[in-house]
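Working notes for the structure below.
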Amino acid sequence: MKVYEGTILTVNEHDEVARYLVEDGGRIAYVGSELPGRFAGEPLERLGGRALCPSFVDTHEHLASFATFNAGLNVMDARSNAQICEMVRAFAGASDAATLIAFGASPHSVAEGRLVSRSELDRSCPDRPLMLVKYDGHACVVNSKLLEKVEGKVSKLRGYHPESGEMNQEAFFAVSDFITGSLSIPELVGNIQHAMDYLASRGIGMVHDVSGVGFAGNLDISLETWLARSAQSGFQIRVFPQSMDVRVATRRRLPRIGGCFACALDGCFGSTDAALLAPYEGADDSGVLYYTDEQVIDFCRTANRAGLQIEMHAIGDAAFDQACRALAAALDDFPRNDHRHGIIHACLPTTEGLDICERYHIQLPMQTSFIDWPQEPDSYLERVLGPKRASRLNPLRTMWDRGIVLSAGSDAPCTDPDPILWMQRACNHSNPAESLTVREALRMCTYNGAWATFDERDRGSLEAGKLADMAILSANPYEVGPAGLGNLRVEGLILGGRPYEPQRQGVVAAVTRGMLARGGR
């Protein structure tokens, strides 16, 4: 048993702030303003100027991809291609990996205003294969050594650009499949565990993982399901198989399905293939809808009738409307009172689509990190969408006031999993009228995330009877206000009443042996 004294942000129904929290056997025994006598004399931790809040939930993350890229080189902070090349040179010199992986290149955040080229990467890394993935996860640049290995697989595919080394569309997916197929099970397990440790350092105790990204036999889905069951730290993984084949979920007895990749209804703004109702600014192209309405409705009806929770990627307004129509059709076909179906990203929603979300109780896992995103800045979005349409992006306040449940996710590896940043961006929207309050932002990042996968009975708020899953913040976010959120820090994570500790290698080895014994199924 342990007593915490200080600022306790409960995020309960009334957003109460308590003075005391008592943890006993991994659960919360008491929360309130006065400490009952029966707890007197128990070990006491005074928070001082710090604050205790529910642990954070990342409601949209590509865990296997993030784990793979997090083990490599992140170049998101580079502000020139020359700097990227220096980072690659140093990384190659320090790594003994047979194939090098880097992530985060953007033409919008570097002085040259273009992606780094194959020839530039060759000068920095001439001797080993290297893949540098674009920030949005929809393209990459390869050096000559990697091109030699994959040329036979990609040379006849769309998106093959050997001169620059850029691979997009089908060529990118083929290169990605080659890279993921070269990773061993122990390497994957170790990378995923290190990624979980990293997430925990940010105060994240649960991740909604969209899985199935090209590993043979959907190996990542199996690995993440096993890790979720085997983790000794209390860290939680909720796996969404990225498939339009309902059997991928039902055969694994998973209660949910969806994500991006196969469940993406369109592309992204960075590649100007997000599906729009009207053409991109100064162009005849309106992006791409990957499926017909009939295909999406058929998937949603089948999954809904199977009792699965559905989530789908939709960034452009045409894709958002398609997702809304399909989910509404599925629920009209087979009504369910508490389905919690969701539309991921929902960057450019329409009034008509939001009407459907409100009426059918469709929840929205948002990425507030996309607001004022250096890799895809507002100036770029205004240029490709036009100022009027760009001003409608990520309308958090409009959605919140309609009663639509919003949660927060990173879309990692596209953005760094950082709940403090999610809150800061949500409360300091580039369109001030669409900002949330600090209390709303904290709820979005905690309780709403747990609610989105039916976990609110045990997690998401600090209330008696619930699990003691808690993050320690350097200060009270309610007091620092929107302007001070950027200075807030996560100082600790407690899961099931215990301070989070990185997973022991013995546990990782046990999961690996279990997977190998079952052939990776």
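By convention here, the first residue in the shown sequence is residue 1. Computed from a predicted structure; not experimentally measured.
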Identified ring-ring contact (aromatic ring centres under 6.0 Å, His included) partner of His62 from the options Phe69, Phe103, Phe261: Phe261
Given the options Tyr380, Trp373, Phe269, His108 meets ring-ring contact (aromatic ring centres under 6.0 Å, His included) only with Tyr380
[X] side-chain N/O to [Y] backbone N/O, donor-acceptor pair under 3.5 Å:
X: Asn304; Y: Ala330; result: yes
X: Arg128; Y: Ala97; result: yes
X: Gln242; Y: Ala262; result: no
X: Arg340; Y: Trp451; result: yes

Reference residue Phe370; test side chain to side chain contact (heavy atoms under 4.5 Å, CB included); the match among His345, Glu376, Gln375: His345
May I have the list of side-chain donor-acceptor pairs in residues 272-282 shorter than 3.5 Å, sequence neighbours left out?
residue: Asp273; atom: OD1; partner: Cys268; partner atom: N; Å: 2.7
residue: Tyr280; atom: OH; partner: Ala274; partner atom: N; Å: 3.1
residue: Tyr280; atom: OH; partner: Ala274; partner atom: O; Å: 2.7

Axial cation check for Phe56 ring with Arg202, 6.0 Å and 45° limits: no
Determine, for Phe334 and Arg301, whether the Lys NZ or Arg CZ falls below 6.0 Å from the six-membered ring centre while staying within 45 degrees of the axis. no
Is it true that the side chains of Asp58 and Ser410 contain a donor and an acceptor less than 3.5 Å apart? yes
When you compare the side chains of Ser369 and Arg425, does any donor N or O come within less than 3.5 Å of an acceptor on the partner? no
Any ion pair linking Glu86 and Arg89 (charged N to carboxylate O, less than 4.0 Å)? yes
Roughly how far, to the nearest 0.5 Å, is the OG1 atom of Thr368 from the CG atom of Asp418? 9.5 Å
